[in-house]
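Report on one structure; see the data block that follows.
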Amino acid sequence: MTRTVRGTVDFSPGARALTTMDASNYRRVPLGVVAPYDSDDVAATLAACREHGVPLVPRGGGTSIAGQATGTGIVLDFTRHMNRLLDLDPETRTARVQPGLVLDTLRAAAVPYGLTFGPDPSTHARCTLGGMIGNNSCGAHSVAWGTTADNTETLDVLAADGTLHHLARGWNTAAPAGHGRTPPGPARTPSGPAGTPPVPDALRTLVDTHLALLRTGYPTLPRRISGYALDALLPEHGTDLARAWCGSEGTLGVLTEARVRLVEAPPARALAVFGYADESEAAEAAAGLLPFAPLTVEGMAADLVPDSASLPRGGAWLFAETGGADPAEAAHRARLLAGAAGALDARVVTDPAAQRALWRVREDAAGTATRGPDGAEAWPGWEDVAVPPARLGPYLREFRALLADHGLHGTPYGHFGEGCVHARIDFDLLSAPGIAVFRRFSEELAHLVVAHGGSLSGEHGDGQARAELLPVMYGPELTGLFAQVKAVWDPDDLLNPGILVRPAKLDENLRFAVLPREPVDVAFGYPQDGGDFSAAVRRCVGVAKCREPGGTHGTSVMCPSFRATGAEEHSTRGRARLLHEMLAGEVVTGGWRAPEVRDALDLCLSCKGCRSDCPVGVDMATYKAEFLHHHYAGRLRPASHYALGRLPAWLRAAAPLARPLNAVARLRPLTSLALRLAGLTPERPLPALAARPLRVGEEGAPPPGTRPVLLWPDTFGRHLDPHIPRAARRVLADAGLHATTPPPWLNGAGVCCGLTYVSTGQLDAARRVMRRTLDAVDAVDAVDAVDAVGGVGADADAGVGAGGGAGASGSAGAGGGPRAGTGTAPGEASASTPILVLEPSCAAALRTDLPELLPDDPRAARLAARVRTFAQVLEEEAAPGWEPPRIAASVVGQTHCHQHAVLGDAAERRLRARAGLSGELSGGCCGLAGNFGFERGHYATSVACAEDQLLPAVRAAEPEAVILADGYSCRTQLSHLSPRTGRHLAEVLADALPARTP
């Protein structure tokens with residue numbers, strides 16, 4: 001095949017493992033993956049599959065939730081090469097697209113003309129037009145603009161026999177020569193093999209002989225997606241071949257090109273959010289909003305909203321969007337909706353940023369629904385039932401009752417304005433009894449849906465999840481006709497077999513069956529997954545938010561390596577799939593030593609962005625550390641692991657020799673040799689050691705009346721950037737706080753968060769370092785407790801006086817407010833004194849890695865609860881009435897990825913606002929990411945990550961703008977790639993303090 005295909009042909013275990021699953025419950029192992037370069041490649045692949053009797057499965061973004069994007073033969077990946085927008089004509093309001101084009105790319109190209117593509121699934125940033133056409137996708141705006149089939153004009157498809165068909169209105173499917181080919185070439189005839197009639201003639205015969213069945217066999221509702229849309233071939237419906245082919249899920253032919261219709265986008269929009277007691281009341285209200293012609297009417301229940309503070313009062317909500325020529329008209333229409341909504345509470349939002357934030361709550365529901373409030377896993381399978389909108393309220397009540405009858409739980413959400421309901425349900429798909437319940441429930445629910453006049457699929461297609469039950473909806477005669485149509489297009493059943501026609505059973509090919517039944521021996525505690533590494537890996541359900549392309553993403557971080565390379569194996573989902581297959585041991589057979597997993601994880605920056613940005617909380621940084629721990633157990637590691645993983649020890653040893661070592665580092669030949677031996681990239685200079693590292697005791701004795709803060713001596717602040725903790729001390733002193741650095745014996749024992757050991761997978765060493773740290777902090781707390789009772793004094797060098805004031809006041813603890821005052825019992829104050837960690841990566845390690853690596857040591861959780869960022873300490877502990885200095889400047893830069901993921905930046909935003917610092921920091925990752933950007937082979941990816949958001953933002957900044965970068969890695973990356981200097985917020989505030997501040 002490689003001799004005839006210009007694109008990518010990959011039969012490796014890694015490529016196969018990446019495509020065993022989509023976003024469904026199902027798993028099928030392909031023979032290989034072909035990424036076609038053009039339609040000739042598609043034809044050549046089809047020919048090879050015909051010759052060898054191998055199935056073929058077209059695949060776009062791989063976010064299908066019914067199993068139709070998986071297969072046992074060749075998977076066609078259109079996202080790699082056939083992903084172009086070929087033409088956009090604003091006059092005719094049409095666009096010509098290849099199947100791998102991502103929807104948001106098309107929408108962005110249409111924006112300058114005031115146009116958009118109407119259907120917009122929640123996966124709009126990563127789903128492809130080919131996948132949308134295959135599934136007849138809909139999205140939130142189908143109330144106004146219909147389904148993908150409603151917005152498709154023509155399709156160019158290859159049938160299984162290799163014939164090319166140009167599908168439009170009418171029975172003639174012949175394509176003009178060269179149409180839709182890259183490059184142009186001779187057209188194939190639409191005639192079939194010798195002795196068989198051409199496809200359109202055979203279809204016409206079937207339609208003409210089943211007119212009555214086609215006119216009476218389909219329910220009437222806006223979201224009928226199940227089965228083949230053969231009624232579109234009726235003469236009264238215009239004999240629309242393109243519309244009939246939409247939703248065929250890759251079973252009738254392979255799409256190579258499409259012309260789609262665009263719609264006029266309203267210049268202004270408003271969002272009205274209405275609160276109701278429950279989702280049934282919301283559903284009953286939804287139909288009443290339709291006469292006002294809203295753009296959307298979406299619904300969701302409170303179970304799916306982690307924080308409902310931004311929403312109106314209620315237990316369920318409707319999101320109704322309106323459009324207008326200007327904001328005033330859009331808002332007026334939204335207020336009209338509010339008057340008719342009959343809601344408990346309502347909110348009309350006109351600010352675009354606030355609207356985006358609210359829409360994100362709705363779009364993330366597909367991920368947040370996969371974990372219940374109690375941590376229980378929930379799965380698709382009955383994700384998108386649709387009933388007539390007027391029947392939605394009663395249907396939801398019976399749906400809830402059916403769940404209860406089977407001991408199941410699920411929270412409905414979805415497109416209430418069109419009667420379409422999504423629900424992830426806590427099926428037990430790991431045991432035979434649980435799978436039996438899954439089958440019984442599915443069969444009963446199918447009958448319930450049909451009783452309400454509904455469709456088994458209202459958006460995402462039938463796939464394997466529902467196709468077995470299509471006879472319940474359509475009866476045997478119409479489903480038999482589906483099989484005849486399939487035989488016309490694909491007589492040998494090569495195209496996506498097991499889907500729609502002669503379907504696999506709904507409880508076969510479940511993706512969980514191959515996972516180990518016993519817990520896997522691991523180092524981390526995985527507290528959110530019951531200590532089960534398999535359950536942690538199962539978190540990835542394939543919604544692929546991590547595949548959003550580079551560009552502007554607000555404050556999101558995930559997934560910087562995918563944004564840099566565009567390769568599935570460098571996405572969070574791709575890596576989770578490889579880990580799943582590693583545990584399965586069928587395709588990836590090397591276990592913890594598997595090179596496929598190692599190579600995919602090599603470009604994971606351990607940014608932790610997925611921990612917060614992934615809707616289901618996949619934590620690839622932890623999984624990578626776990627994998628490296630096992631992968632290198634008992635054998636030699638890469639040199640960079642020794643050089644960078646043990647950085648705290650090296651820097652402590654080098655501190656007395658800082659000046660001569662810095663001089664040697666300026667000798668390029670010696671530096672090059674050292675970098676090569678250490679496994680580091682030659683493109684970066686070695687960081688300079690601080691000539692005057694942070695000294696314990698240099699803060700002096702605490703002034704009377706000040707409150708204590710323990711200033712964590714992180715490796716970067718102590719040995720590389722000590723001016724930052726010194727600046728922080730000045731600001732803290734101005735706020736009535738005294739920052740104490742732990743005493744020398746504590747530092748000599750190597751007090752450390754363990755971050756560098758964790759990120760390189762040296763988890764045994766990390767635990768030793770962490771235990772020493774806990775012992776040392778205990779010792780400090782004990783000394784401070786004695787000091788608080790006995791008045792030992794202010795011996796700063798011994799580290800006693802610094803803690804001596806600790807008994808004077810208490811801390812509110814994690815997430816608490818200002819300190820309560822004095823008079824706490826001996827020992828209480830010192831053990832709850834906040835620990836200020838200026839380096840975000842170290843703070844994140846103490847908050848998460850520490851308790852998760854030492855889950856059986858209660859001291860770890862207690863220390864984690866004391867960790868505070870600079871802004872949090874000032875907000876919680878500063879003297880009453882204290883205000884930061886006013887700076888009145890704009891800021892750009894980047895919120896540290898670990899802070900974004902673990903700590904949040906709400907306090908930092910408030911502190912910046914109080915100081916008069918305006919502007920937003922970008923998301924993404926700087927790309928240096930601790931050891932990552934210094935390791936050999938990572939430089940190009942590191943730079944590409946910086947180019948995603950950080951460097952463009954800095955280049956666009958005004959000369960007087962402040963460049964904020966609280967992380968050492970972020971500042972270092974800027975120093976290597978930009979003439980602008982990044983600064984910690986503490987530095988900026990300290991420089992603005994009055995000169996009299998001590």
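- Remark: side-chain polar atoms of Arg577 are paired, donor with acceptor, to backbone N or O of Asp22 under 3.5 angstrom.
- Residues Glu920 and Arg909 are paired through a salt bridge, judged by an N-O separation under 4.0 Å between the basic side chain and the carboxylate.
- Annotation: side chain of Thr760 is not in contact with side chain of Leu628 (no heavy-atom distance under 4.5 Å).
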Check step by step if side-chain hydrogen bond (donor to acceptor under 3.5 Å, both in side chains) holds for His938 and Thr681. CA-CA 8 Å; His938 291 170; Thr681 182; over 6 Å; no
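- Between Asp619 atom CG and Gln528 atom CD the span is 10.0 Å, to the nearest 0.5 Å.
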Test side-chain contact (heavy atoms from CB on, under 4.5 Å) applied to Leu603 and Arg575, step by step: CA-CA 10 Å; Leu603 289 190; Arg575 293 175 177 126; 3.8 Å; yes
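- Across all their heavy atoms, Val892 and Val954 have their closest contact at CG2-CA, 4.4 Å.
- Taking the side chain as every heavy atom from C-beta outward, Thr671 and Pro685 never approach each other to under 4.5 Å.
- The shortest non-hydrogen separation linking Cys926 to Gln973 is O-NE2, 2.9 Å.
- The shortest side-chain heavy-atom distance between Thr70 and Val57 does not fall under the 4.5 Å cut-off.
- Atoms CZ and CE, from Arg511 and Met21 in turn, are 6.0 Å apart once rounded to the nearest 0.5 Å.
- The two atoms that bring Tyr968 and Pro687 nearest to each other are OH-CB, 3.1 Å, heavy atoms only.
- A ring pair (Phe, Tyr, Trp, His ring centres under 6.0 Å) check over residues 581-608, counting only residues at least two apart or in different chains, returns the pairs Phe533-Trp592, Trp592-His630.
- For Glu596 (side chain) and Leu578 (main-chain N/O), no donor-acceptor pair under 3.5 Å exists by modelled atom type.
- Side chain of Asp41 to main chain of Arg6: a donor-acceptor pair is present (N/O by atom type, distance under 3.5 Å, no hydrogens or angles).
- For the pair Asp948 and Arg563, the tightest heavy-atom approach, listed with the atom from each and the gap, is OD2-NH1, 2.9 Å.
- With hydrogens and angles ignored, the 3.5 Å screen pairs no side-chain donor or acceptor of Arg847 with any backbone N or O of Leu903.
- Between Arg80 and Glu568, no side-chain nitrogen of the basic residue sits less than 4.0 Å from a carboxylate oxygen of the acidic one, so the salt-bridge criterion is not met.
- The backbone N or O of Pro615 lies less than 3.5 Å from no partner atom in the side chain of Lys545, so there is not a single donor-acceptor pair.
- A salt bridge links Arg955 to Glu947: one of the charged nitrogens lies within less than 4.0 Å of a carboxylate oxygen.
- In this structure, the separation between CG on Leu515 and CD on Glu581 is 8.5 Å, given to the nearest 0.5 Å.
- Remark: side-chain polar atoms of Arg539 are paired, donor with acceptor, to backbone N or O of Val616 under 3.5 angstrom.
- Counting only heavy atoms from C-beta outward, the side chains of Val597 and Leu579 approach each other to under 4.5 Å.
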Test side-chain contact (heavy atoms from CB on, under 4.5 Å) applied to Cys614 and Met620, step by step: CA-CA 10 Å; Cys614 172; Met620 194 53 61; over 6 Å; no
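- Within the 4.5 Å cutoff, the side chain of Arg912 has heavy atoms near those of the Leu964 side chain.
- In this structure the side chain of Leu974 never reaches within 4.5 angstrom of the side chain of Arg980, judged on heavy atoms.
- Below 30°, between 30° and 60°, or above 60°: for His898 and His896 the angle between ring planes is above 60°, a perpendicular geometry.
- If you take CG on Leu720 and NE2 on His723, they are separated by 10.5 Å, rounding to the nearest 0.5 Å.
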Show your working on side-chain hydrogen bond (donor to acceptor under 3.5 Å, both in side chains) between Thr869 and Glu908 and close with a plain yes or no. CA-CA 9 Å; Thr869 68; Glu908 280 69 21; 2.7 Å; yes
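- In this structure, the side chains of Val9 and Thr45 stay at 4.5 Å or more apart for every pair of heavy atoms.
- Minimum interatomic distance between Arg573 and Gly62 (heavy atoms only, all atoms of both residues): NH1-O, 2.9 Å.
- In terms of modelled atom types and a separation under 3.5 Å, the side chain of Asp613 and the main chain of Ser556 share no donor-acceptor contact.
- Across every non-hydrogen atom of Gly574 and Leu18, the tightest pair is O-CD2, 3.3 Å.
- In this structure a side-chain-to-backbone donor-acceptor pair under 3.5 Å is present from Gln894 to Gly923.
- The OH atom of Tyr757 sits 11.0 Å away from atom CE of Met770, with the distance rounded to the nearest 0.5 Å.
- At least one donor-acceptor pair closer than 3.5 Å links the side chain of Arg126 to the backbone N or O of Val543.
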From CA spacing to verdict: side-chain contact (heavy atoms from CB on, under 4.5 Å), His976, Thr972: CA-CA 6 Å; His976 291 174; Thr972 303; 3.5 Å; yes
Just do the side-chain hydrogen bond (donor to acceptor under 3.5 Å, both in side chains) check on Ser942 and Arg684 with the steps written out, would you? CA-CA 11 Å; Ser942 174; Arg684 295 189 186 276; 2.8 Å; yes
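- The OG1 atom of Thr848 sits 4.0 Å away from atom NZ of Lys608, with the distance rounded to the nearest 0.5 Å.
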Intermediate values then yes/no, side-chain contact (heavy atoms from CB on, under 4.5 Å), Cys753 and Asp849: CA-CA 9 Å; Cys753 67; Asp849 296 329; over 6 Å; no
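- Side-chain atoms of Leu763 and Phe524, non-hydrogen and from C-beta on, do get closer than 4.5 Å to each other.
- A distance-only check finds a donor-acceptor pair linking the side chain of Glu626 to the backbone of Ala523 [under 3.5 Å].
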